[in-house]
Amino acid sequence: MPVKSTIFTALAVCLALSTAEAQARRIAPTPPSSAFQGLWVAEKDAAKRQALCEGLYLQPSERPATMAYVSLSTHSLYVHTPTHQARYDGANRYRPWQKNTATQLQGVLYPAHDDFKRGAAQTNSQPLSLNWRIATDSHLVAKGFKPKHYYRCPNRPQPEDSHAPTADA
């Protein structure tokens, strides 16, 4: 009798594991719309915005501490404001986007856990609720963020040794 119960237990465990694996594959990560991907700074004035965008290509220690920007790629979101710095997982497998269109992005992102990059991303373990939209003048309105309005930086090829945030980082 103990052999039969062991076999049934083993079969039950295999069935549970295969079901969990199938469930994990069924919920595929969904990248945010390409309209939201890129580097955004919180500066409306075009000349000042250009200077801030160029400043992002400086070494991290040379950047102004008060600058606010977000960098969103298919896989991650980096948020940098004077009071908050963190990286979040963009390929949200656990709770897919509630809304993901060319003009609106809603959902919840979870902090990225990177054992090789210990830093500000490890200090905030709370999920981040996003409710973003792209306004008619092509700027990003980030509800719940301070600052609330972000403007896209022009795309620029990056040197290999650059520490600037990238759309793919």
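Numbers here are sequence positions counted from 1.
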Between His149 and Val141, is the side-chain contact (heavy atoms from CB on, under 4.5 Å) condition met? List the steps. CA-CA 5 Å; His149 299 274; Val141 179; 3.9 Å; yes
Could you walk me through whether Val41 and Leu56 pass the side-chain contact (heavy atoms from CB on, under 4.5 Å) test, one step at a time? CA-CA 10 Å; Val41 294; Leu56 288 173; 3.9 Å; yes
Check: residues 128-138 side-chain donor-acceptor pairs under 3.5 Å, at least two apart:
{"from": "Asn131", "atom 1": "OD1", "to": "Gln106", "atom 2": "NE2", "distance (Å)": "3.2"}
{"from": "Asp137", "atom 1": "OD1", "to": "His139", "atom 2": "ND1", "distance (Å)": "2.5"}
{"from": "Asp137", "atom 1": "OD2", "to": "His139", "atom 2": "ND1", "distance (Å)": "3.3"}

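- Tyr88 approaches Gln126 most closely through the heavy-atom pair CE2-O, 3.8 Å.
- Nearest approach of Gln50 to Pro154, heavy atoms of both residues: OE1-CG, 3.5 Å.
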Under the criterion side-chain contact (heavy atoms from CB on, under 4.5 Å), I'd like the reasoning laid out for Tyr151 against Glu43: C-alpha separation, chi angles, the key distance, then a yes or no. CA-CA 6 Å; Tyr151 301 83; Glu43 178 55 58; 5.5 Å; no
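- Closest heavy-atom contact between Ala35 and Ala102: CB-O, 3.3 Å.
- Inter-residue side-chain proximity for Tyr69 and Leu52 is flagged as unmet; no heavy-atom pair is nearer than 4.5 Å.
- Contact of the Val70 side chain with the Leu39 side chain is not registered, since no non-hydrogen atoms from C-beta on lie closer than 4.5 Å.
- Contact of the Gln37 side chain with the Thr74 side chain is registered, since non-hydrogen atoms from C-beta on lie closer than 4.5 Å.
- Among all heavy-atom pairs drawn from Ser33 and Asn100, the shortest one is N-OD1, 2.9 Å.
- Contact detail for Tyr150 and Ala42: the closest heavy-atom pair is CD2-N, 3.6 Å.
- Remark: Arg152 pairs with Trp40 by the side chain to side chain contact (heavy atoms under 4.5 Å, CB included) rule, at least two apart or across chains.
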Apply the test side-chain contact (heavy atoms from CB on, under 4.5 Å) to residues Leu140 and Phe36: give CA-CA distance (whole Å), side-chain angles for both, the deciding distance (0.1 Å), then the verdict. CA-CA 8 Å; Leu140 177 66; Phe36 286 92; 3.5 Å; yes
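- The two atoms that bring Met67 and His80 nearest to each other are O-ND1, 3.0 Å, heavy atoms only.
- Listed by chain and number, the residues in a side chain to side chain contact (heavy atoms under 4.5 Å, CB included) with Thr101 are Lys99, Thr103, Gln104 (sequence neighbours excluded).
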